[in-house]
**Student:** 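One structure, as structure tokens, below. Some questions next.
What you see is a predicted model, and the numbers here were worked out from it, not measured in a lab.
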Amino acid sequence: MYDLNGLLIALIPALLWGTLPLVCMKNGGKPAHQVFGMTIGALLFSLFVSFIYPPDFDPKVMMIGFISGLFWTIGQFYQFASMQTIGVSKTMPFSTGTQLAGAALFGVIIFKEWDTSFKLTIGFLALLLIITGVLFTSYEGKARSNRQQNGHLFRGIGYVFLSTLGYLAYLLIIRYFNLNGWSIILSQSVGMIVGSLVFSARTIKEIASKYTFRNITSGLMWGGGNIALLIATKLEGVATSFSMSQIGTVLSTLGGIFLLHEKKTRKQFVLILIGCLLITVGGIFLGMTKR
């Protein structure tokens, strides 16, 4: 039996994280501005939360949280770089799909998560849906098959894979040491700040710009979604909260097309919608394997 309040809270990460890429692109700036501003917002949010839920100041826990934050910065920086190269509507379903598939595979190989025939069947079906959805969203068509556009596409896809590696490392290190999200939220945000400074080293003189300050709001949105997911997981379990968070991919993809006016042919639009649906359903099936 599901609790209505729990379900509503589980929708908050999808809403905040789904619209976050749109807010960042509207705020403008280079990936370094976007990441640095976002990490400032995340740090402010974690400081506020730390007064309510004191973090764990054990040196080992703090170091793991710090390293996790560094990897998160890699994931976020290259996701922003991809969005600026091939657009939000193509980056987000591609990024979500590769993250879901990668996390599932690592979960099976390292943590032996699919330990029943039911989980194996549902899990591999989910991976098939996700991979198919990613292929649908990456369709370009003959109209855009020139050398320059192909170059942009391959560079954007390269950024997505680098982003996925960063995000997976950020998640897996927490999972490997079985840490509570509340205990590392502060040290993690410090790692995010340090990582963003490393990525903005070449443009450090221009980092204190209006674009950085605008993107602080995106960090607050990320922090709010992160806390909501922790609360929803406690109320409704991993399966429900994890599955519902995937709805955000559809929001960011449609927002890229309708709000950021990213041009798509009719065929591309239909295939992107189908791809988003497949990735979302695949994410829900992955959530079922966590029951």
Side-chain angles (χ1 to χ4, degrees), residues 12-13 15-81 83 99 163 166-175 177 179-233 245 248:
I12 293 174
L15 178 62
L16 291 178
W17 291 345
T19 54
L20 192 152
L22 310 175
V23 172
C24 288
M25 297 305 287
K26 281 290 187 181
N27 286 337
K30 300 176 182 177
H33 295 128
Q34 293 170 325
V35 172
F36 189 57
M38 191 171 177
T39 53
I40 292 174
L43 178 61
L44 293 174
F45 193 92
S46 67
L47 287 171
F48 171 76
V49 171
S50 296
F51 285 105
I52 304 171
Y53 296 95
D56 191 334
F57 290 106
D58 177 84
K60 180 182 177 181
V61 173
M62 292 180 67
M63 180 56 67
I64 294 168
F66 179 84
I67 294 172
S68 170
L70 292 177
F71 280 121
W72 177 90
T73 309
I74 295 172
Q76 192 62 62
F77 179 87
Y78 284 111
Q79 189 179 81
F80 281 145
M83 286 192 290
Q99 285 177 57
S163 171
Y167 277 135
L168 288 177
Y170 145 75
L171 292 170
L172 290 172
I173 191 172
I174 300 172
R175 173 72 175 84
F177 289 98
L179 296 180
N180 186 315
W182 298 104
S183 66
I184 62 169
I185 189 169
L186 185 59
S187 58
Q188 195 176 62
S189 63
V190 173
M192 291 161 61
I193 281 281
V194 173
S196 67
L197 286 172
V198 171
F199 274 105
S200 60
R202 292 183 180 179
T203 56
I204 197 69
K205 291 182 179 179
E206 48 181 283
I207 206 67
S209 73
K210 62 181 180 180
Y211 299 115
T212 297
F213 290 105
R214 284 178 184 174
N215 280 289
I216 290 176
T217 56
S218 62
L220 297 174
M221 291 174 66
W222 181 86
N226 194 36
I227 293 301
L229 186 61
L230 289 173
I231 296 172
T233 299
S245 68

**Student:** Where do Leu70 and Gly191 come nearest, in terms of heavy atoms and distance?
**Tutor:**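 Residues Leu70 and Gly191, closest heavy atoms: CD2-O, 3.2 Å.
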**Student:** Strictly by side chain to side chain donor-acceptor pair (under 3.5 Å), give each pair with a member in residues 64-73 just once, sequence neighbours left out.
**Tutor:**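 Residue pairs passing side chain to side chain donor-acceptor pair (under 3.5 Å), neighbours aside: Ser68-Gln188.
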**Student:** Looking at OG of Ser218 and CZ of Phe80, how far apart are the two atoms once the value is rounded to the nearest 0.5 Å?
**Tutor:**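 Answer rounded to 0.5 Å: 5.5 Å.
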**Student:** Check whether any side-chain heavy atom of Ile185 sits under 4.5 Å from a side-chain heavy atom of Ile227, and report yes or no.
**Tutor:**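 Yes - at least one pair of side-chain heavy atoms lies under 4.5 Å apart.
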**Student:** Tell me every residue that passes ring pair (Phe, Tyr, Trp, His ring centres under 6.0 Å) with Tyr53, counting only those two or more places apart in sequence or in another chain.
**Tutor:**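 Checked Tyr53 against ring pair (Phe, Tyr, Trp, His ring centres under 6.0 Å); matches are Trp182.
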**Student:** Restricting to side chain to side chain contact (heavy atoms under 4.5 Å, CB included), what partner residues turn up for Met62, sequence neighbours left out?
**Tutor:**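 Expected list: Phe57, Ser187.
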**Student:** Going by the rule ring pair (Phe, Tyr, Trp, His ring centres under 6.0 Å), which residues pair with Phe77 if we only count those two or more places apart in sequence or in a different chain?
**Tutor:**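 By the ring pair (Phe, Tyr, Trp, His ring centres under 6.0 Å) rule, Phe77 matches Phe199.
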**Student:** With sequence neighbours excluded, give me every side chain to side chain donor-acceptor pair (under 3.5 Å) pair touching residues 54-67.
**Tutor:**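 Every candidate side chain to side chain donor-acceptor pair (under 3.5 Å) pair involving residues 54-67 fails, so no pair, neighbours aside, qualifies.
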**Student:** Pairs under 3.5 angstrom only: tabulate donor-acceptor contacts from the side chains of residues 37-52 to other protein residues two or more places apart or in another chain.
**Tutor:**
unit_1: Thr39; atom_1: OG1; unit_2: Val35; atom_2: O; d: 3.1
unit_1: Thr39; atom_1: OG1; unit_2: Phe36; atom_2: O; d: 2.8
unit_1: Thr39; atom_1: OG1; unit_2: Ser196; atom_2: OG; d: 3.2
unit_1: Ser46; atom_1: OG; unit_2: Ala42; atom_2: O; d: 3.4
unit_1: Ser46; atom_1: OG; unit_2: Leu43; atom_2: O; d: 2.8
unit_1: Ser46; atom_1: OG; unit_2: Ser189; atom_2: OG; d: 2.9
unit_1: Ser50; atom_1: OG; unit_2: Ser46; atom_2: O; d: 2.7

**Student:** If you take all heavy atoms of Gly225 and Trp17, which pair is closest and at what distance?
**Tutor:**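 The answer is C-CZ2, 3.4 Å.
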**Student:** So do Asn27 and Gln34 actually touch side chain to side chain, heavy atoms under 4.5 Å?
**Tutor:**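 Of all side-chain heavy-atom pairs linking Asn27 with Gln34, none is under 4.5 Å.
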**Student:** For the CE atom of Met25 and the CG atom of Asn215, what is their distance to the nearest 0.5 Å?
**Tutor:**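 So the gap between those two atoms works out to 10.0 Å.
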**Student:** To the nearest 0.5 Å, what is the distance between CG on Leu168 and CD1 on Ile74?
**Tutor:**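 Interatomic distance, Leu168 CG to Ile74 CD1, rounded to 0.5 Å: 12.0 Å.
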**Student:** Suppose we screen for side chain to side chain donor-acceptor pair (under 3.5 Å). Which residues come up paired with Tyr78, at least two apart in sequence or across chains?
**Tutor:**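 Applying side chain to side chain donor-acceptor pair (under 3.5 Å) to Tyr78 gives none.
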**Student:** Quick one: CD1 on Ile67 to CD1 on Ile184, what's the gap to the nearest 0.5 Å?
**Tutor:**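 It comes to 11.0 Å.
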**Student:** Would you mind reporting whether Tyr170 and Gln76 have side-chain heavy atoms less than 4.5 Å apart?
**Tutor:**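 Answer no - side chains too far apart.
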**Student:** Considering all heavy atoms of both residues, which atom of Thr19 and which atom of Leu15 are nearest to each other, and what is their separation?
**Tutor:**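 Closest approach of Thr19 to Leu15: OG1-O, 2.7 Å.
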